[in-house]
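Below you'll find the structure, written out as structure tokens, and then a few comments.
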Amino acid sequence: MDVAKIIENIELICKEKNIKMSTLLKLSGLTSHLFSDWKSQKSSPSISALEKMCAFLDVALGELFKDDNQKLTLSQERLLEEWRGLSSCEKEALYIYIQAMKSNLKS
């Protein structure tokens, strides 16, 4: 696990979403001391801690492990930007719609 890359991605997502790190940590039930240990690589984040952060940030766990070398296509970037603008209810509805489309393709 590349802890430095995970920390970098967390900070980038917070910046993109205009969320202060202190707010993320507090609402995720984590301490700034713990995050500091991660940054200095005295310890590594648990999957459970990362999942709590992802839940608050509304991102998939895989986003934290993403490498800069994995560039999105223009279509993927456009879809992701639209996704980020949706409410939780709208995201769920879209997810259900996509699942229905996929199952219709299999029939």
Side-chain angles (χ1 to χ4, degrees):
M1 172 184 327
D2 184 358
V3 177
K5 178 51 75 179
I6 292 169
I7 299 302
E8 181 183 325
N9 287 337
I10 291 169
E11 291 174 335
L12 179 65
I13 293 166
C14 283
K15 183 178 179 181
E16 288 173 354
K17 294 183 175 242
N18 200 27
I19 297 172
K20 291 183 180 181
M21 186 58 63
S22 58
T23 302
L24 171 63
L25 294 171
K26 181 179 179 180
L27 295 175
S28 299
L30 305 170
T31 66
S32 57
H33 184 274
L34 180 64
F35 190 74
S36 178
D37 283 352
W38 296 348
K39 283 185 85 161
S40 62
Q41 297 191 6
K42 291 180 184 174
S43 67
S44 297
S46 67
I47 295 298
S48 173
L50 295 177
E51 286 174 335
K52 289 176 186 177
M53 297 174 97
C54 287
F56 179 76
L57 294 170
D58 194 29
V59 297
L61 185 60
E63 288 294 307
L64 303 186
F65 294 88
K66 190 170 77 173
D67 191 349
D68 288 338
N69 295 330
Q70 298 172 330
K71 298 292 181 189
L72 297 176
T73 66
L74 182 57
S75 296
Q76 290 169 326
E77 286 179 13
R78 287 176 43 211
L79 279 171
L80 187 56
E81 190 59 37
E82 292 297 330
W83 174 263
R84 288 180 175 147
L86 298 174
S87 69
S88 296
C89 186
E90 291 168 327
K91 288 176 182 177
E92 183 62 25
L94 183 57
Y95 178 75
I96 291 168
Y97 179 72
I98 291 170
Q99 293 303 315
M101 285 176 44
K102 288 171 56 177
S103 96
N104 283 341
L105 290 175
K106 293 178 183 176
S107 335

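Positions are given from 1 along the sequence. Since we're looking at a predicted model, the values are computed, not measured.
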Return each pair, listed once, that meets ring pair (Phe, Tyr, Trp, His ring centres under 6.0 Å) where at least one residue sits in residues 80-104; pairs must be two or more places apart or across chains.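 Residue pairs passing ring pair (Phe, Tyr, Trp, His ring centres under 6.0 Å), neighbours aside: none found.
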Side-chain donor/acceptor pairs under 3.5 Å, residues 21-28, sequence neighbours excluded:
| residue | atom | partner | partner atom | Å |
| --- | --- | --- | --- | --- |
| Ser28 | OG | Leu24 | O | 2.7 |

Answer yes when Glu81 and Arg78 have at least one side-chain N-carboxylate O distance shorter than 4.0 Å, and no when they do not.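 The answer is no: the pair does not qualify as a salt bridge.
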I'd like to know whether Ile19 forms a side-chain contact (heavy atoms from CB on, under 4.5 Å) with Ile13, so could you lay out the CA-CA distance, the side-chain angles of the two residues, the decisive distance to 0.1 Å, and finally the verdict. CA-CA 8 Å; Ile19 297 172; Ile13 293 166; over 6 Å; no
Distance-only donor-acceptor pairs under 3.5 Å for side chains of residues 50-63, two or more places apart:
| residue | atom | partner | partner atom | Å |
| --- | --- | --- | --- | --- |
| Asp58 | OD2 | Lys91 | NZ | 2.1 |
| Glu63 | OE1 | Lys66 | NZ | 3.4 |

Sequence neighbours excluded, every pair satisfying side chain to side chain donor-acceptor pair (under 3.5 Å) that has a member inside residues 30-39: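 The answer is Glu11-Lys39.
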For [X], all residues meeting side chain to side chain contact (heavy atoms under 4.5 Å, CB included), sequence neighbours excluded:
X: Ser87; result: Cys89, Glu90
X: Ile98; result: Leu94, Lys102
X: Glu82; result: none

Using salt bridge (charged side-chain N to carboxylate O under 4.0 Å, His left out) as the criterion, list what pairs up with Arg84, not counting sequence neighbours.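 Partners of Arg84 by the salt bridge (charged side-chain N to carboxylate O under 4.0 Å, His left out) criterion, ordered by chain and then number, come out as Glu16.
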Atom pair CD1/CZ of Ile6 and Phe65 - distance to nearest 0.5 Å: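 Separation between the atoms: 4.0 Å.
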Same cluster or not: Leu34 versus Ile47, using hydrophobic residues (I, L, V, M, F, W, Y) connected whenever any side-chain heavy atoms lie under 4.5 Å apart?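 Yes, Leu34 connects to Ile47 through the hydrophobic network.
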Would you say Lys15 has more than 12 foreign heavy atoms packed within less than 6.0 Å of its NZ?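 12 or below, so no.
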